[in-house]
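Scroll down for the structure; my scribbles are underneath it.
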Amino acid sequence: MGEADDGSKSKRVVFVTVGTTCFDSLVRAVDTQEVREALFKKGYTHLVIQMGRGSYIPTKSTGEDGSLSVDYFTFSSSIAEFLKSASLVISHAGSGSIFETLRLRKPLTVVVNEDLMDNHQSELAEELAERKHLFCARPQTLYETISAMDLILL
Amino acid sequence: PKIHKVFGMENRDGSFFSDMGCINASILLIIGASTLIVIRIFYIIYRSSKPLYSTPPGPLSTLIVLGSGGHTAEMLNLLAVMQMERFKPRYYIAAATDNMSLQKARALEDSLMQKSEVGLVGTSHFMQIYRSREVGQSYITSVGTTLIALTHALWLMIKIRPQVILCNGPGTCIPLCVIAFFFKAFGIRWSSIFYVESIARVRRLSLSGLLLYKLRMADQLFVQWPQLKSKYPRANYVGAEKVGNFLHHDLTNFQPM
């Protein structure tokens, strides 16, 4: 899978999307210090979070102090643009988000929402992870997945 | 008195026998009727699972049941690759609480209209249906709302009487499919039910898919993963990217009765 970025070598964006759902545990997980640092260590410079209907507000950061720049919004009509400009996508397990990202041939880590009642969403993510199309994680294992992530495997 | 007794006996026996005759007749009637119904249902199930006829038919009135979110997106992707001029008029149904799905269907219809010619104008209708139970609703009130939803579904089905029903879950499609099945049984309208299981279902069918499969109500049930095909052998396996083509092939070779 190609490691595309938006032209400038320096800016590498991680785009987090929860779609139309409320998935606070994912937003909280990417907002932790350890995940931010892990992403920064991997060479990503920007973290953009689409947080949907969630109520947990991540901490913004300009990234001027030589760390990851963090920004967020709730909804946008141009999710496709964010996906296109991303170097890595971290997404909820909705089939729409998964296939849209894979179609753009972007590296993808899917985080399964364990709070959902009838959780069939994990089926698709796990199957596609087995077929090496993406990485599959849970909110509490996101840090391990990102640290161990080797995009060449996709 | 002896004779009397005998006559009495006879009388009683007589009425007993005529009672028996009456009961026998009604039992026979019930058995006959239920046999006919059973035969009719088996015939419908048998006929439904048969490969479809190949005479080129005219346009088919089509009911498209939109779920919500991912389901709607999958359905509209499917429609986008089908030859829509064969399926008209098209009736889109979405849950009354779902504002997005019909908007998206309208957008698809608009783009179809722009892309092509006169043949498609005025062939699409958009409707909403009550859901039997909203998420989080209590079970006591849901008895009432289920009845309302069923009546509403019946009303819509009487109005539409579609020849083809396309659905991919979730539960909104079940009352409509059940009513369609009864329409078949009573000879009101023969509609073919095509169910496409969501691509998100890899190992287990959804509840809607499972119901239609077990009750043999769907004429064709498509699954998009090989694991499902091996678990539910009567399903049609089509790789995700090909569902549109296969469905289209089946539908174009479809001759309504």
Side-chain angles (χ1 to χ4, degrees), chain A residues 17-23 26 50-55 74-80 82-83 89 91-105 108-138, chain B residues 66-78 80-81 94-95 97-101 103-104 107-108 133-137 139 168-171 196-211 222-232 237 239-244:
Chain A
T17 177
V18 307
T20 54
T21 63
C22 162
F23 193 179
L26 168 58
Q50 184 262 319
M51 53 177 276
R53 292 192 286 112
S55 53
T74 50
F75 292 103
S76 163
S77 52
S78 54
I79 292 291
F82 284 100
L83 290 174
V89 178
S91 165
H92 76 126
S95 61
S97 300
I98 291 179
F99 287 113
E100 196 172 352
T101 309
L102 292 181
R103 222 170 280 137
L104 291 167
R105 309 193 65 75
L108 171 63
T109 294
V110 167
V111 181
V112 175
N113 190 352
E114 289 172 317
D115 301 332
L116 292 178
M117 291 295 280
D118 169 28
N119 201 348
H120 63 270
Q121 283 196 329
S122 63
E123 281 188 16
L124 179 64
E126 281 159 11
E127 176 68 26
L128 291 173
E130 244 164 64
R131 291 167 183 243
K132 306 268 180 250
H133 293 304
L134 49 83
F135 294 109
C136 184
R138 315 270 150 180
Chain B
L66 300 174
S68 59
H71 289 279
T72 299
E74 276 190 53
M75 179 58 84
L76 296 180
N77 285 340
L78 195 63
V81 296
T97 46
D98 175 5
N99 302 316
M100 290 306 294
S101 292
Q103 272 181 39
K104 286 177 186 158
L108 174 79
R133 189 169 172 272
E134 294 299 333
V135 178
Q137 193 187 325
Y139 281 100
N168 63 350
V196 184
E197 187 56 279
S198 164
I199 194 163
R201 296 295 181 160
V202 181
R203 293 189 287 261
R204 287 182 300 135
L205 284 177
S206 65
L207 184 59
S208 309
L210 194 67
L211 275 172
F222 295 90
V223 294
Q224 308 195 45
W225 291 98
Q227 293 95 313
L228 280 180
K229 170 68 187 170
S230 48
K231 198 164 168 191
Y232 309 97
Y237 164 65
E241 69 289 347
K242 287 188 189 135
V243 176

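First the proteins, then the strands, lettered A, B, ... as listed; each starts at 1.
Judged as a side-chain hydrogen bond (donor to acceptor under 3.5 Å, both in side chains), and not counting sequence neighbours, A/T101 has no contacts. Listed by chain and residue number, B/A95, B/R131, B/E134 satisfy the side chain to side chain contact (heavy atoms under 4.5 Å, CB included) test with B/T97 (two or more places apart in sequence, or in another chain).
Only the side chain of A/S95 comes within contact range of chain B, with at least one heavy atom under 4.5 Å from a heavy atom of that chain. For a residue to count as touching a neighbouring chain, one of its non-hydrogen atoms must lie under 4.5 Å from one of that chain's; by this rule A/L128 touches chain B with the side chain only. In this structure, no portion of B/A73 lies under 4.5 Å from any heavy atom of chain A.
Side chains of B/S198 and B/E74: a donor on one and an acceptor on the other come within 3.5 Å.
In this structure the side chain of B/H71 never reaches within 4.5 angstrom of the side chain of B/S101, judged on heavy atoms.
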